[in-house]
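Remember, it's a predicted structure, so these values are computed and weren't measured experimentally. Ligands are counted one by one from 1 in listed order, and the atoms in each one are counted from 1 as well.
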Amino acid sequence: MGWDNLYASAFERVRANIDMVGKVLLAYNTNIDAIKYLQREDLEVRIEKAGQEEVLHYAEELPRRIESVPQLLGSILWSIGRGKAAELFVESCSTRFYMKRWGWDELRMGGQVGIMANLLGGVYGVPVIAHVPQLSRLQAELFKEGPIYVPKGEGENLELVHPKEFKADEENCIHYIYEFPRGFRVLDFEAPRENRFIGSADDYNPNVVIRPEFEEQFEEIAANAELAILSGLQALTEENYRGPLKTVKAHLDILEEKGIPVHLEFAFTPDETVRKAFVGILGKFWSVGLNEVELASVMNVMGEKAIAEKLLASDPVDPIAVTEAMLKLAKKTGVRRIHFHTYGYYFALTDYRGEFVRDALLFAALAAAAKAKLGDIRNIDDVVKAMDVPVNEKAEGVGEALTKVYDMENGIAEVNGYQLAFIPTKIVAKPRSTVGIGDTISSSAFVGEFALR
Ligand code: AMP
Ligand code: GLC
């Protein structure tokens with residue numbers, strides 16, 4: 001069967017079965033994304049005013065956090081020049097005010113939890129319980145209608161309500177997202193691909209501030225969950241990770257006791273100590289999702305420098321190197337499923353077998369293409385609108401290599417006691433925006449797999 005047929009049949013089966021999935025618990029990061037589509041002249045004038053020399057200094061090397069306007073503008077240039085995403089905490093109030101006055105073109109739901117809650121609950125109709133560190137009125141408005149819940153109250157009065165019913169007037173956690181298209185030019189910089197720089201004017205999510213309800217009543221909150229997805233731990237540092245890690249471990253123990261499979265969305269974690277700590281607890285998760293940069297960073301802290309280099313050496317990423325890296329990670333940690341995504345193809349390495357693993361990846365790739373094409377997926381039928389997006393040509397060579405080395409057939413192979421599932425993805429040439437595609441992929445594939453079981 002060709003890939004287009006496999007795509008179509010995977011979509012139909014997930015759509016027919018998605019309502020079989022029970023409650024999904026989502027923690028920890030939810031915020032407001034203020035998206036600004038960058039304009040060359042505007043940016044050039046701002047760089048000039050802030051002092052070009054100083055700005056260019058930060059375009060060479062990212063600061064650790066943002067404490068001034070030249071650091072902000074330099075970091076944006078750093079992203080543009082490399083076509084890479086980056087995210088930094090904005091510490092200074094005057095820079096936060098500068099960003100606010102610079103403005104935005106669009107306000108959207110942000111954070112892995114917020115984005116996944118709207119997709120799973122608001123689009124697929126899968127009930128979700130979300131952790132929202134601060135529920136301001138604006139934050140609440142960004143939630144779609146549907147079975148999306150936050151816990152409210154305590155003890156016998158603990159109830160699950162839609163975020164719009166929570167009615168608290170907490171703080172706004174705003175992340176300013178500076179998006180640029182492929183080929184975007186400013187000064188001597190030209191973007192090799194579309195991407196974004198994020199400045200987080202947010203004291204809650206970057207520090208993983210966990211709500212008292214989730215600290216004190218997690219057992220009750222998780223009581224009816226069937227699946228869980230954890231995310232938002234990426235900005236922790238050596239100085240502040242111990243407290244949140246302790247809570248995460250306690251949550252994992254409760255989820256494990258209840259037999260709830262948990263997925264970790266492993267976003268890029270710059271701090272090596274924190275990254276090592278997360279590799280250390282990976283065995284408590286059923287599943288982990290990461291891209292090539294994240295996988296390479298994990299190989300680095302595992303002391304696998306050569307393989308880490310290979311993962312970043314070619315485009316598309318060498319699939320044999322990725323498979324080797326996933327095998328090392330699975331064997332070292334005992335995690336049961338590794339979902340790898342890159343521009344052009346996805347893998348799932350699992351210690352269990354079945355075509356449903358591959359089919360869930362196909363569903364996720366269709367959802368990702370729909371998100372890239374439409375910006376927002378309004379209902380599950382929007383997903384099928386991406387069927388006409390062509391399957392990535394570059395992935396042909398990837399498929400051939402896998403057939404040769406692992407005897408892969410129809411995207412499935414047996415490798416060292418694991419099943420390796422592969423799919424070539426659909427790539428939208430001119431995406432509306434890039435933010436949130438990774439979250440769409442990971443949550444659709446994880447939940448899709450349980451719909452098909
Ligand atoms: P992340 O690397 O976690 O930000 O996730 C981005 C993922 O989105 C990539 O690995 C790609 O698989 C996918 N992606 C990025 N751009 C597009 C696009 N234009 N069309 C379809 N998928 C995309
Ligand atoms: C990170 C950012 C958030 C964005 C999300 C998209 O969590 O902090 O602003 O919405 O990534 O994946």
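Taking a heavy-atom cut-off of under 4.0 Å, ligand 1 is surrounded by E194, R196, N291, H341, T342, Y343, Y346, A372, K426, I427, V428, P431, I437, G438, I441.
Looking only at atom types and distance, the side chain of S200 has a donor-acceptor partner in the side chain of E87 under 3.5 Å away. Donor-acceptor pairing under 3.5 Å is recorded for the side chains of E292 and T342. Side-chain contact annotation: Y98 with R46, donor-acceptor N/O pair under 3.5 Å present. For the residue pair S92 / E67, no side-chain donor-acceptor distance below 3.5 Å is found, with atom types taken as modelled.
Residues F347 and Y345 bring their aromatic ring centres within 6.0 Å. If you look at Y346 and H339, their ring centroids are closer than 6.0 Å. Checked against a 6.0 Å centroid threshold, the rings of F189 and W78 do not count as neighbours. Under the 6.0 Å cut-off for aromatic ring centres, Y178 and W102 qualify, their centroids lying closer than that.
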Please tabulate, one pair per line, all N/O donor-acceptor pairs under 3.5 Å involving side-chain atoms of residues 120-127, not counting sequence neighbours.
residue	atom	partner	partner atom	Å
Y124	OH	S444	OG	2.9

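Remark: minimum distance from atom 6 (C) of ligand 2 to any protein heavy atom is reached at D439 OD2, 3.4 Å. Here the heavy atom of the protein found nearest to atom 9 (O) of ligand 2 is D33 OD1, 2.7 Å. Nearest protein heavy-atom neighbour of atom 7 (O) of ligand 2: Q112 OE1, 3.0 Å. When hydrogens are left out, the protein atom nearest atom 8 (O) of ligand 2 is E87 OE2, 2.6 Å; that is the closest non-hydrogen contact.
Neither the backbone nor the side chain of N205 comes within 4.0 Å of ligand 2, counting heavy atoms alone.
Residue S200 places no N or O, backbone or side chain, under 3.5 Å from any N or O of ligand 2. Taking distance alone, with nitrogen or oxygen atoms compared against 3.5 Å, R196 stays at or beyond that limit from ligand 2. For ligand 2, the polar-atom distance check finds an N/O of G111 within less than 3.5 Å of one of the ligand's N/O atoms.
Taking a 6.0 Å sphere around NZ of K310, one finds it holds 12 or fewer heavy atoms contributed by other residues, nucleotides or ligands.
Counting the atoms of ligand 2 from 1 in the order shown, those under 4.0 Å from a heavy atom of Q234 are 7 (O). Each of the following atoms of ligand 2 lies closer than 4.0 Å to a heavy atom of G110: 10 (O). Remark: ligand 2 atoms within the under-4.0 Å shell around heavy atoms of I115 are 6 (C), 10 (O). Interface of N29 with ligand 2, defined as ligand atoms under 4.0 Å from a residue heavy atom, comprises 7 (O). The distance from ligand 2 to the heavy atoms of N31 drops below 4.0 Å at these ligand atoms: 3 (C), 9 (O). Applying the 4.0 Å criterion to heavy atoms of H175 picks out, from ligand 2, the atoms 2 (C), 3 (C), 8 (O), 9 (O).
Counting heavy atoms from C-beta on, the side chains of V90 and Q71 never come closer than 4.5 Å.
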S136/E171 under side-chain hydrogen bond (donor to acceptor under 3.5 Å, both in side chains): CA gap, chis, key distance, verdict: CA-CA 5 Å; S136 68; E171 282 180 49; over 6 Å; no
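Under a 4.0 Å heavy-atom criterion, R108 is not in contact with ligand 2.
In this structure, K426 satisfies the cation-pi test against Y7, with its NZ or CZ atom closer than 6.0 Å to the six-membered ring centre and inside 45 degrees of the ring normal.
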